[in-house]
Visitor: 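The following block contains the structure, expressed as structure tokens.
The sequence lines fix the lettering, A, B, ..., with proteins before strands; numbering per chain opens at 1. Keep in mind the model is a prediction, meaning the values are calculated, not measured.
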2 protein chains.
Amino acid sequence: MTEARPDFRQGPGITRVAALLGDPSRAAMAEALMSGMALTANELAQEAGIAASTASGHLAQLLHEGLLSVTPRGRHRYYRIAGPEVASALEGLMGLVEAKGPSRCRPGPHDPALRHARSCYDHLAGALAVQMHDSLAARGLLRPGPEGLVLSETGASALAPLLPGVRLLAGRQCLDWSERRMHLAGPLGRALLLALLDQGWARRGQGREIALTRREEAGFAALFPLPQGSGAVW
Amino acid sequence: MTEARPDFRQGPGITRVAALLGDPSRAAMAEALMSGMALTANELAQEAGIAASTASGHLAQLLHEGLLSVTPRGRHRYYRIAGPEVASALEGLMGLVEAKGPSRCRPGPHDPALRHARSCYDHLAGALAVQMHDSLAARGLLRPGPEGLVLSETGASALAPLLPGVRLLAGRQCLDWSERRMHLAGPLGRALLLALLDQGWARRGQGREIALTRREEAGFAALFPLPQGSGAVW
DNA sequence: CCGGTGCTTCGGTGAGGGCCGAAGCATTCC
DNA sequence: GGAATGCTTCGGCCCTCACCGAAGCACCGG
């Protein structure tokens, strides 16, 4: 016998958030914002294929629930994902639809460029991100700490050309939904992606794509070499 | 006239899953199953406060979408969370509502026992889980590999009393939503929790709670000592 | 100033979907 | 065997909520 129900007919806390993400239009907006770029209300409306007025209502809800943040700039209002927790939750849901297999094979987001390198909210994802993680891990430059993964001192010096004043930023492992392997997220992951972009090791392409020229690709490989056993050796 | 839209009004992939979790009744069921225990359809109906027929429909949807799995046992049907990816997605959503702060302070799930030690789908969570992770990390027994975190060889031998035949199981770091710190999830996390329970280092309490007697608490502390700097030192 | 844009609020409309009770199968217990 | 229990399907009710267009504010330009 479960005694008197303490639960006020409203469901657990995740209900509100999940319901917001469970609407096609709002989900489309959220996914568009996962590129890490800030988008205006009109752009998001177009992305979702709805009227501006409808989009406005959706955005107000997402804002009120803390999933998005907004920065007014002139007569535009730029929306973006509110924070890493939101990105994590969205990643989790995305990983879920990937894991459910080829039941619904969307051709769009699966193009090779995105599998190779893309931004995942604020950090690098795709094959190159996995290589970055594996290279650091295999060389012992990464170790777990209370707040997540941190660079060892030799690791910090190895990345000096990329991040001159790298501090002991905490990162975390994030399951890459195209590679099914771990890559680096968290503050450390963000710092690495920003450094790659700021210092010309890579550039933003269409949407979430991260583009590298052949020369940049070589530079990346030199910075993040893979010893020998690349795969699931250990 | 909106019928000429090339986009099939269905939204991105996360929509379906999020919409499922966005219903109060389904969310309540999912959260109840996060204890890791398999529950019958009737128990879940009662948990959600709905009729058995309604619950049956919900469970069919969750099953069809791959969020739950079912094992018929006699005249009962035991439902459980389908896999780690589902648990991760739910954790992400839970972390989100925690991060949004005291806007809705639910007293129930916040009792001290749950903050101290609870099961998070299949692994240990709470203060003790953080201690376990930090102890292993601080002693250098954990290191990142391609598939996640693995125990070093000295780590495997240190845990021999707990896991005699421990293999190189991959774990991953998971943000604890009550402690705001990392704990161990993944296959390694699951194996550790199972070993703790099977070998009498701890027992299941009410719901997700993990209970330890004073003696068991001491044994745990001996197995997972914290060197000295416990907190956010590095 | 006065158009021109970006964004929001406001009613009214419509459909998708959650809810229940009753009836239909399946399984186990006596 | 028959009765009780667990679960599912079916039909019908009702309410929430996404949607749009038009009108109302803000902000920028000439």
Side-chain angles (χ1 to χ4, degrees), chain A residues 1-2 5 7-12 15-30 32-33 38-65 67-80, chain B residues 1-5 7-12 15-30 32-33 38-65 67-80:
Chain A
M1 269 318 195
T2 59
R5 190 157 312 288
D7 177 17
F8 291 104
R9 217 71 295 281
Q10 194 162 349
T15 309
R16 209 48 175 267
V17 179
L20 285 182
L21 266 27
D23 175 80
S25 306
R26 285 191 292 257
M29 295 186 196
L33 289 172
L39 299 174
T40 69
N42 266 343
E43 288 170 328
L44 288 168
Q46 195 166 2
E47 191 71 30
I50 56 180
S53 62
T54 307
S56 179
H58 286 314
L59 291 170
Q61 291 182 67
L62 292 167
L63 208 57
H64 178 262
E65 216 60 29
L67 296 187
L68 301 185
S69 66
V70 66
T71 67
R73 195 85 99 204
R75 56 183 170 183
H76 294 276
R77 300 191 67 182
Y78 283 94
Y79 290 89
R80 60 179 71 233
Chain B
M1 301 283 258
T2 61
E3 84 265 19
R5 193 161 312 291
D7 177 17
F8 289 108
R9 224 63 302 273
Q10 195 160 345
T15 310
R16 217 32 182 274
V17 179
L20 284 181
L21 265 28
D23 175 80
S25 306
R26 284 191 294 256
M29 296 186 195
L33 288 172
L39 299 174
T40 70
N42 266 342
E43 288 171 328
L44 289 169
Q46 199 164 1
E47 190 72 30
I50 55 179
S53 61
T54 307
S56 180
H58 285 314
L59 290 171
Q61 291 181 67
L62 292 168
L63 208 57
H64 178 262
E65 215 61 29
L67 295 187
L68 301 184
S69 66
V70 66
T71 67
R73 195 85 99 202
R75 57 181 171 186
H76 295 276
R77 300 192 67 185
Y78 284 94
Y79 290 89
R80 60 179 71 235

Visitor: Round to the nearest Å and state the distance from A:E43 atom CD to C:dG6 atom P.
Guide: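 Nearest whole value for this atom pair: 10 Å.
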Visitor: Could you run through nucleotides 24-30 of chain C and give me one letter per nucleotide, 5' to 3': B if any protein heavy atom sits under 4.0 Å from the base, S if only the sugar-phosphate is that close, - if neither?
Guide: ---BB--
Visitor: Quick check: do A:L20 and A:H64 have side-chain heavy atoms less than 4.5 Å from each other?
Guide: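 Counting from C-beta outward, A:L20 and A:H64 never come under 4.5 Å.
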Visitor: Could you walk me through whether A:V70 and A:L59 satisfy the side chain to side chain contact (heavy atoms under 4.5 Å, CB included) test, starting with their C-alpha distance in whole Å, then the side-chain angles of each, then the deciding distance to 0.1 Å, before giving a yes or no?
Guide: CA-CA 10 Å; A:V70 66; A:L59 291 170; over 6 Å; no
Visitor: What heavy-atom pair brings A:A48 and A:S25 nearest, and what distance separates the two atoms?
Guide: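 Closest pair (atom of A:A48, atom of A:S25, distance): CB-O, 3.7 Å.
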Visitor: Between atom CG in A:L44 and atom C1' in C:dT8, what is the gap in whole Å?
Guide: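 So the CG-C1' distance, A:L44 to C:dT8, works out to 15 Å.
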Visitor: Starting at CG of B:L59 and ending at P of D:dC7, how long is that distance when rounded to a whole Å?
Guide: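 Rounding to the nearest Å, CG of B:L59 and P of D:dC7 are 9 Å apart.
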Visitor: What integer distance in Å separates A:D23:CG from C:dG17:C1'?
Guide: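 Spelled out: CG on A:D23 to C1' on C:dG17 is 14 Å.
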Visitor: Rounded to whole Å, how long is the line connecting atom CG of B:L62 with atom P of D:dC7?
Guide: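 Answer to the nearest Å: 15 Å.
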Visitor: Picking from D:dA18, D:dT8, D:dC20, which would you name as closest to the side chain of A:A51?
Guide: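 Nearest to the side chain of A:A51 among the choices is D:dC20.
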Visitor: Using the side chain to side chain contact (heavy atoms under 4.5 Å, CB included) criterion, which residues pair with A:T40? Sequence neighbours excluded.
Guide: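 Expected list: A:N42, A:E43, A:H76, A:Y78.
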Visitor: Of the listed nucleotides (C:dG18, D:dC20, D:dT8), which one gets closest to any side-chain atom of B:Q61?
Guide: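 Ranking C:dG18, D:dC20, D:dT8 by closest atom to the B:Q61 side chain puts C:dG18 first.
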Visitor: Nearest heavy atom decides the nucleotide; on that basis, is B:R77 or A:A19 closer to the 5' end of DNA chain D?
Guide: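 Its nucleotide being nearer the 5' end, the pick is B:R77.
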Visitor: Over how many whole Å does the gap from A:L20 atom CG to D:dC17 atom P extend?
Guide: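 After rounding, the gap between these two atoms is 10 Å.
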Visitor: Without decimals, in angstroms, what is the distance between A:Q46 CD and C:dT5 P?
Guide: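 Rounded to the whole Å, the gap is 15 Å.
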Visitor: May I ask you to verify if any side-chain N or O of A:S25 is less than 4.0 angstrom from the OP1 or OP2 atom of D:dA18?
Guide: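 No, A:S25 has no side-chain N/O under 4.0 Å of OP1/OP2 on D:dA18.
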Visitor: Does A:A19 have any side chain to side chain contact (heavy atoms under 4.5 Å, CB included) partners at least two apart in sequence or in another chain, and if so, which?
Guide: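 In terms of side chain to side chain contact (heavy atoms under 4.5 Å, CB included), with neighbours along the sequence ignored, A:A19 is linked to no residue.
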Visitor: With sequence neighbours left out, write down each residue that passes side chain to side chain contact (heavy atoms under 4.5 Å, CB included) with A:Q46, or none if nothing qualifies.
Guide: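 If we apply the side chain to side chain contact (heavy atoms under 4.5 Å, CB included) test to A:Q46, skipping adjacent residues, there are no hits.
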Visitor: Under 4.0 Å between a side-chain N or O of B:N42 and OP1 or OP2 of D:dC7?
Guide: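 For D:dC7, OP1/OP2 do have a side-chain N/O of B:N42 under 4.0 Å.
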Visitor: B:A18: which residues meet the side chain to side chain contact (heavy atoms under 4.5 Å, CB included) condition with it, sequence neighbours left out?
Guide: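 Per chain and number, B:A18 pairs via side chain to side chain contact (heavy atoms under 4.5 Å, CB included) with A:L21, A:L93.
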Visitor: Considering just the side-chain nitrogens and oxygens of B:T54, establish if one lies under 4.0 Å of OP1 or OP2 belonging to C:dC19.
Guide: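 No, no such contact exists.
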Visitor: Contact class for A:Y78 (heavy atom, under 4.0 Å): base, sugar-phosphate, or nothing?
Guide: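 The residue A:Y78 makes no contact with any strand.
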Visitor: Mind checking if B:A52 touches a base, just sugar-phosphate, or nothing, with heavy atoms under 4.0 Å?
Guide: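 It contacts base atoms.
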Visitor: From the set D:dC7, C:dT9, C:dC20, return the single nucleotide nearest to any side-chain atom of B:Y79.
Guide: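 My answer, after comparing the listed nucleotides, is D:dC7.
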Visitor: Choose from D:dA18, D:dG6, C:dT9 the nucleotide whose nearest atom is closest to any side-chain atom of A:R26.
Guide: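 For the A:R26 side chain, the nearest candidate turns out to be D:dA18.
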Visitor: Distances for protein N/O vs nucleotides 10-15 of chain C N/O pairs under 3.5 angstrom?
Guide:
none

Visitor: State which of C:dG18, D:dT8, D:dC19 makes the closest approach to the side chain of B:H58.
Guide: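 Shortest atom-to-atom distance from the side chain points to C:dG18.
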Visitor: Does A:M29 form a side chain to side chain contact (heavy atoms under 4.5 Å, CB included) with A:E47? I'd like the steps, not just the answer.
Guide: CA-CA 7 Å; A:M29 295 186 196; A:E47 191 71 30; 5.9 Å; no
Visitor: Could you tell me how far apart B:H76 (NE2) and D:dT8 (C1') are, to the nearest whole angstrom?
Guide: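 To the nearest whole Å, that distance equals 16 Å.
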Visitor: Identify which nucleotide among C:dG6, D:dA18, C:dC19 has an atom closest to any side-chain atom of B:I50, counting heavy atoms from C-beta outward.
Guide: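 Out of C:dG6, D:dA18, C:dC19, the nucleotide with an atom closest to B:I50's side chain is C:dC19.
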Visitor: Any non-hydrogen side-chain atom of B:L68 less than 4.5 Å from a side-chain atom of B:R80?
Guide: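 SC-SC contact between B:L68 and B:R80 ruled out.
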Visitor: Going through the distances and angles, do B:T15 and A:D23 end up as a side chain to side chain contact (heavy atoms under 4.5 Å, CB included)?
Guide: CA-CA 6 Å; B:T15 310; A:D23 175 80; 5.9 Å; no
Visitor: Do B:T71 and B:Y79 make a side-chain contact, defined as non-hydrogen atoms from C-beta onward lying under 4.5 Å apart?
Guide: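 Side-chain contact under 4.5 Å: no.
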Visitor: Can you tell which of D:dC7, D:dA18, C:dC19 lies closest to the side chain of B:T40?
Guide: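 My answer, after comparing the listed nucleotides, is D:dC7.
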